[in-house]
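What follows is one structure encoded as structure tokens, with my remarks underneath.
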Amino acid sequence: PRVEGNLQLANLKFNRIAFESRLAGPLSFDLKQGLNLDLQGNSDRIAVRLDRRFQPLDFAVKLAEATATGKRSSNRSNSLDVDITNFPMALLGSLAGQSNVDGKLSSQLAVSLGKNPSAVGDVAIARLRYGRVQAERLVAKFNYANGNANITNGKVILNGDDRGQGEYTFNLAYAPQAETPLRGQVKAINGNVQDIFTALQWFDFNSVAQGLQAPKYAKAADVQPLKTIGLESSPLSKQLEYFSQIMPASSNRRLLRPI
């Protein structure tokens, strides 16, 4: 069977990420040749070509300033060269069922197709946010094979000031079938504990207890002025020291607020 025609998508959206209100273009499908789809708006685009085994020949996605392209490697017929620039992590998070991730992803990957797909390449994420975790920039080498993922030569910069503070290197290994699925190592190059607390938005003991979950703030209309007891202008370490000293006398009162 063969199908040919025009397709139109209206208001395509993934959580907070929306394409243009109208994407339209040709669609053709043939069991012997595969699928060809090219939907375009004024600037956004979704295009893909699949072979008769429904493996991608090439694809192109454009969403505002973000682009993702892929095409079969010229020297390996079962490999796809993928190039991603400024792609919103929120969209990828939506596809994975995660709503508390943000940032801009750029990557160059070599993806091997087939029964056991694999991928290897470089990854960079700007303005990363996952739950409470915030970082200015993350770069790493990525490798995925046999259901396991490894991130090596990773470097994360927690803040973007000119001092170069808050720089850490890391390696991570994810093996879902292992007794401990996630293992990793982190090394501080030019950073301190206070940088990590700031990146995690851990401003007091209540926020530490919430772990990596994104903080939930009240609406502006619900916030009432409170008399603050603390050292707002002091470093976090000094605030925590101060808090530990006066906590026995006022254990039921919240004495610190976010910097």
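Index from 1, following the sequence. Values reported hereafter were calculated over all heavy atoms of this structure, with side chains retained and with hydrogens, waters and symmetry mates removed.
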**Complete:** Rounding to 0.5 Å, atoms OH (Tyr174) and CG (Leu182) come to a distance of 8.0 Å
**Prompt:** Hey, what's the ring geometry for Phe14 with Phe19, parallel, tilted or perpendicular (30° and 60° as the breaks)?
**Reply:** perpendicular
**Message:** So, taking the atom named NZ in Lys155 and the one named CG in Leu138, what distance separates them when rounded to the nearest 0.5 Å?
**Reply:** 10.5 Å
**Message:** I need the single residue from Asp81, Asn78, Leu80 that forms a side-chain contact (heavy atoms from CB on, under 4.5 Å) with Ser73. Which is it?
**Reply:** Asp81
**Item:** Heavy-atom check, side chain of Leu35 versus side chain of Leu27, under 4.5 Å
**Value:** yes
**Asked** Do you know which two heavy atoms are closest between Asn171 and Gly154, and how far apart they sit?
**Response** OD1-N, 4.5 Å
**Prompt:** Distance-only, no hydrogens or angles: does the Asp122 side chain make a donor-acceptor pair with backbone N or O of Leu109 under 3.5 Å?
**Reply:** no
**Request:** Show your working on side chain to side chain contact (heavy atoms under 4.5 Å, CB included) between Asn100 and Arg129 and close with a plain yes or no.
**Result:** CA-CA 8 Å; Asn100 58 347; Arg129 181 186 64 79; 4.3 Å; yes
**Request:** Return the minimal non-hydrogen interatomic distance between Ala124 and Val139, and the atom names on each side.
**Result:** CB-CG1, 3.8 Å
**Item:** Exercise: identify the closest heavy-atom pair between Leu105 and Ile84
**Value:** O-CG2, 3.6 Å
**Item:** Spacing of Leu31 atom CG and Phe54 atom CZ [to the nearest 0.5 Å]
**Value:** 6.0 Å
**Heavy-atom pair with the smallest gap, counting every atom of Ile17 and Leu91** = CG1-N, 3.9 Å
**Fill in**
residues 18-35 vs salt bridge (charged side-chain N to carboxylate O under 4.0 Å, His left out), sequence neighbours excluded, gives Arg2-Asp30
**Fill in**
In this structure, CG of Asn86 is separated from CD1 of Ile125 (nearest 0.5 Å) by 12.0 Å
**Request:** Verify, without hydrogens or angle tests, whether Ser21 (side chain) and Asn11 (backbone) share a donor-acceptor contact under 3.5 angstrom.
**Result:** no
**Item:** Over 12 non-hydrogen atoms of neighbours within 6.0 angstrom of CD in Gln177
**Value:** no
**Prompt:** Can you list every salt bridge (charged side-chain N to carboxylate O under 4.0 Å, His left out) pair that touches residues 42-51, not counting sequence neighbours?
**Reply:** Asp38-Arg45, Arg49-Asp58, Asp51-Arg53, Asp51-Arg72
**Request:** To the nearest 0.5 angstrom, please state how far the CD atom of Glu65 sits from the OG1 atom of Thr85.
**Result:** 10.5 Å
**Prompt:** Could you give the distance from CD (Gln134) to CG (Asp102), rounded to the nearest 0.5 Å?
**Reply:** 9.5 Å
**With sequence neighbours excluded, residues passing salt bridge (charged side-chain N to carboxylate O under 4.0 Å, His left out) with Arg52** = none
**Asked** Near Asn6 CG, under 6.0 Å, is it more than 12 heavy atoms from other residues, nucleotides or ligands?
**Response** yes
**Asked** Between the side chain of Lys115 and the main-chain N/O of Pro117, is any donor-acceptor distance below 3.5 Å?
**Response** no
**Prompt:** Shortest non-hydrogen contact from Pro56 to Leu113?
**Reply:** O-CD1, 4.0 Å
**Message:** Closer than 3.5 angstrom, by distance alone: can the side chain of Ser28 be matched with the main-chain N or O of Glu4 as a donor-acceptor pair?
**Reply:** no
